[in-house]
Amino acid sequence: MRPVSIMLACTILSFSAAQSPSFARGCRQVLESDVKITSMRLYADILANAARNGWDYTPESIVSGSKRHFEEMKLQLNDAGYEIMPVGVHLYCKRWDKLAAR
């Protein structure tokens, strides 16, 4: 995934979450479900572009590619400093704890 894709993913994540992701407020945590949705959207665009260029994929390769794309996106976001949080976890910011302790 290119750096442009990471920025696009972060932008999509910031608009797609029901609750705004905490990295928009200075923290770098995102829910895994938001990453999955963003990955699916980006992968759908990739498949649409491939179809326009005459590429044809089997259903099995589409499912496999989707899983690979999601895993690669998580790794790229982790490398960029984001923490992927499991579904059901309340996002928090350690910085807020420090401010509250003052």
Side-chain angles (χ1 to χ4, degrees):
M1 185 182 321
R2 291 182 241 157
V4 173
S5 297
I6 293 173
M7 291 307 298
L8 179 61
C10 291
T11 302
I12 291 171
L13 284 170
S14 68
F15 292 117
S16 68
Q19 63 182 30
S20 58
S22 61
F23 68 80
R25 298 182 303 256
C27 291
R28 296 175 67 93
Q29 298 173 338
V30 291
L31 290 174
E32 187 175 35
S33 60
D34 291 337
V35 176
K36 180 70 170 179
I37 291 167
T38 303
S39 174
M40 291 171 67
R41 289 178 179 167
L42 292 173
Y43 191 67
D45 289 342
I46 291 169
L47 290 176
N49 286 332
R52 280 191 285 276
N53 291 324
W55 290 69
D56 189 23
Y57 294 103
T58 64
E60 296 82 16
S61 64
I62 291 172
V63 170
S64 172
S66 176
K67 289 178 184 176
R68 262 192 331 271
H69 189 271
F70 173 60
E71 293 300 323
E72 182 177 330
M73 178 177 271
K74 286 190 342 184
L75 291 173
Q76 291 287 332
L77 288 170
N78 281 330
D79 288 346
Y82 291 89
E83 184 178 4
I84 310 300
M85 304 298 287
V87 175
V89 171
H90 181 68
L91 299 179
Y92 67 95
C93 183
K94 292 178 185 173
R95 185 179 63 151
W96 294 338
D97 292 339
K98 291 178 186 175
L99 291 173
R102 288 183 182 181

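Partners of Ala51 according to the side-chain contact (heavy atoms from CB on, under 4.5 Å) rule, which considers only residues two or more places apart in sequence or in another chain, do not exist here. Residues satisfying the side-chain contact (heavy atoms from CB on, under 4.5 Å) test with Leu47, not counting sequence neighbours, are Tyr43, Tyr57, Ile62.
Applying the salt bridge (Lys or Arg N to Asp or Glu O under 4.0 Å) test to residues at least two apart or on different chains, the pairs with a partner in residues 54-71 are Glu71-Lys74.
The line from OG of Ser39 to CD of Glu32 is 11.0 Å long, rounded to the nearest 0.5 Å. To the nearest 0.5 Å, the span separating CG on Asn78 from CD on Glu83 amounts to 8.5 Å.
In this structure, the side chains of Gln29 and Val89 stay at 4.5 Å or more apart for every pair of heavy atoms.
Residues Pro86 and Leu31 approach most closely at O-CD2, 3.8 Å, considering heavy atoms.
Checked by atom type and distance alone, the side chain of Thr38 pairs as donor or acceptor with a backbone atom of Asp34 at under 3.5 Å.
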